[in-house]
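Notes follow once the structure below has been shown.
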Amino acid sequence: MAAGDLFVEMECRQFTKSGQNACGDDYQLLTLEKENRSIAVLSDGLGSGIKAHILANMTTTMGLHFLKSNVDILRSVETIMDTLPICEVRKISYATFSMADLRLGGITRIIEMGNPQYIQLRGTTEVPAMKHTRIVSQRWPDREVDCFETRMEPGDRLILCSDGVTQAGLGQKKFKFGWRRSGELEFIQKLIARDPEISAKDLAYSVAFQALSITPGKCLDDISCLVIYLRRPRVLRILTGPPFHKEHDREFAQLGAGGANDVIVCGGTTASILERELQKKTEIDLHLVKASGDLPPPGNMPGVGLVTEGILTLSRVCSLLESGQTENAPMAARAILNRMHENDVIEFIVGTKVNEAHQDPNLPMELELRRNIVKRLTSVLETRCRKKVVVRYF
Amino acid sequence: MEKIRLEICCGTTCFMLGADKLMRMETLLPEEFRERVEITGVPCLNVCMEESICRAPFVRINGVPHAQATVESVFEEIRKLLEKEEREDSE
Ligand code: FES
């Protein structure tokens, strides 16, 4: 989500307990663009495997729904507790959770029940909550719910995790009481000191992986680390298609010369326009052909960025994103996907001139119109990848 | 001796009409030719839009565009150019 100049990056990384085929933790993320709100819910179901997963999933689904609809906290928690099925063996229904409700420019609330306490960091300094209240339900007196209020400033990070992280290594000589929150905190502070701009995705991965590595060769409990990072957005600009009017070529090409964190030029004609207007030359290494699968190999325009073929490559990127199966993507598609992942805002600069040659009935297959592909990409990037997409036509 | 410059179009139309094979040209050239030809990829040779439709794939050899290029036709062209060079050298 981006408001003004800010972007909320939310990512979660999980590892499943060894021997189980479902993770007993679950998380859900939601962006309410119009309300400038981001919601994240993480839950750890009792036990492990599919049963735990169902408990956790029920909890995150309800939690997300209640938070979104601003239902009173106590009522939400009680409803969740009432709804969860009771374990026959332990006679309890249980799923711990952490929920964060971030409002840009406003108060961020964190609600926790039984999960390790969240961490908020400004740079490497931990930020204490402005307010902390503990509420107890009359009907479930043994369940304590902690409510925190804080303010997230640009650059701040919020880290939620399941006890698979804080209890990692439990019982080992070095970690009698597990890694603990303090160990986790110290680890994160070191990471941020080394890489102050580390993304939510990389941080979540590093923490989860570290927790996993403490006990070599075995994952003793489901591990989840969820990171929310409020930061200036990284912008990927994709130029594709020649402008409708040739007079606009220069202005169009200039957009490739700066103003974004990453630039991709998708399309041969498009690349030629930039080459001409910016006096650059694309380098395509044909040795890459062997590794480039059934798409033309990617190239590089020094000072601009990645260059790929247009319609075929973009269509492929689109269908890979839609199917969610992005492994084994051909080289050019992979290069685009990676850049999309690394950036928060994807800006499409779309030239609308139709290439006559693409209408040729002798082509072995029909080519989709550029505008359509961009439309499909916009939808999948916004809904599935939580990116902000901006489209500008030329 | 200057190398022969062979540019292969990596654009959509050319790729769909057979340039994917041309891109592997380097491995297909006989040993004695390989050293004398420099092969590069180009995003689009910009002839797809101008030329009458269906003449892709295009390549450019020493700056001259060739339509409906195949591995054989490109090979043939290179052979001719090399022969010409040799003839000129011996004169
Ligand atoms: S696609 Fe080959 S010349 Fe344009």
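These figures come from a predicted structure and were not determined experimentally. Every chain is numbered from 1 and lettered A, B, ... according to where its sequence line falls, protein lines coming before strand lines. Worth knowing before you read on, the calculation uses all heavy atoms, side chains too, and leaves out hydrogens, waters and symmetry mates.
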Working to the nearest 0.5 Å, report the span between CD1 of A:Ile284 and CE of B:Met23. 7.5 Å
Return the minimal non-hydrogen interatomic distance between B:Cys44 and A:Gly268, and the atom names on each side. CB-C, 3.3 Å
Chain B contact via A:Met301 - side chain, backbone, both or neither, heavy atoms under 4.5 Å: neither
Would one find more than 12 heavy atoms of other residues, nucleotides or ligands at under 6.0 Å from atom CD of B:Glu76? yes
Below 4.5 Å, heavy-atom pairs only: which of A:Val265, A:Thr282, A:Ile311 has the largest tally toward chain B? A:Thr282
For A:Phe244, the ring-ring contact (aromatic ring centres under 6.0 Å, His included) test, sequence neighbours excluded, returns none
Rounded to the nearest 0.5 Å, the OG1 atom of A:Thr313 sits from the CZ atom of B:Phe15 at a distance of 8.0 Å
Drop me the distance from A:Asp285's CG to B:Ile39's CD1, to the nearest 0.5 angstrom. 11.5 Å
Reported CG-to-OG1 distance for the pair A:Leu286 and B:Thr27, which is rounded to 0.5 angstrom: 10.5 Å
Measuring heavy-atom distances to chain B, does A:Asp294 have an atom under 4.5 Å in its side chain, in its backbone, in both, or in neither? backbone
The test is side-chain contact (heavy atoms from CB on, under 4.5 Å); show your working for A:Asn355 and B:Thr12 and say whether it passes. CA-CA 10 Å; A:Asn355 187 334; B:Thr12 314; over 6 Å; no
Where on B:Ile8 is there a heavy atom nearer than 4.5 Å to chain A: the side chain, the backbone, both, or neither? side chain
Contacting moiety of A:Glu283, where chain B heavy atoms sit under 4.5 Å: neither
Exceeds 12 heavy-atom contacts within 6.0 angstrom, atom CD of B:Glu35: no
To the nearest 0.5 angstrom, please state how far the CD atom of A:Glu356 sits from the SG atom of B:Cys48. 11.0 Å
In Å and rounded to the nearest 0.5 Å, what is the NE2 to CZ distance from A:His287 to B:Arg24? 12.5 Å
Counting only non-hydrogen atoms closer than 4.5 Å, does A:Leu295 touch chain B with its backbone (N, CA, C, O), its side chain (CB onward), both, or neither? backbone
Please give me the minimum heavy-atom distance between B:Gly11 and A:Glu309, naming the atom from each residue. C-CG, 4.2 Å
Could you tell me whether A:Glu366 atom CD has more than 12 heavy atoms of other residues or ligands within 6.0 Å of it? no
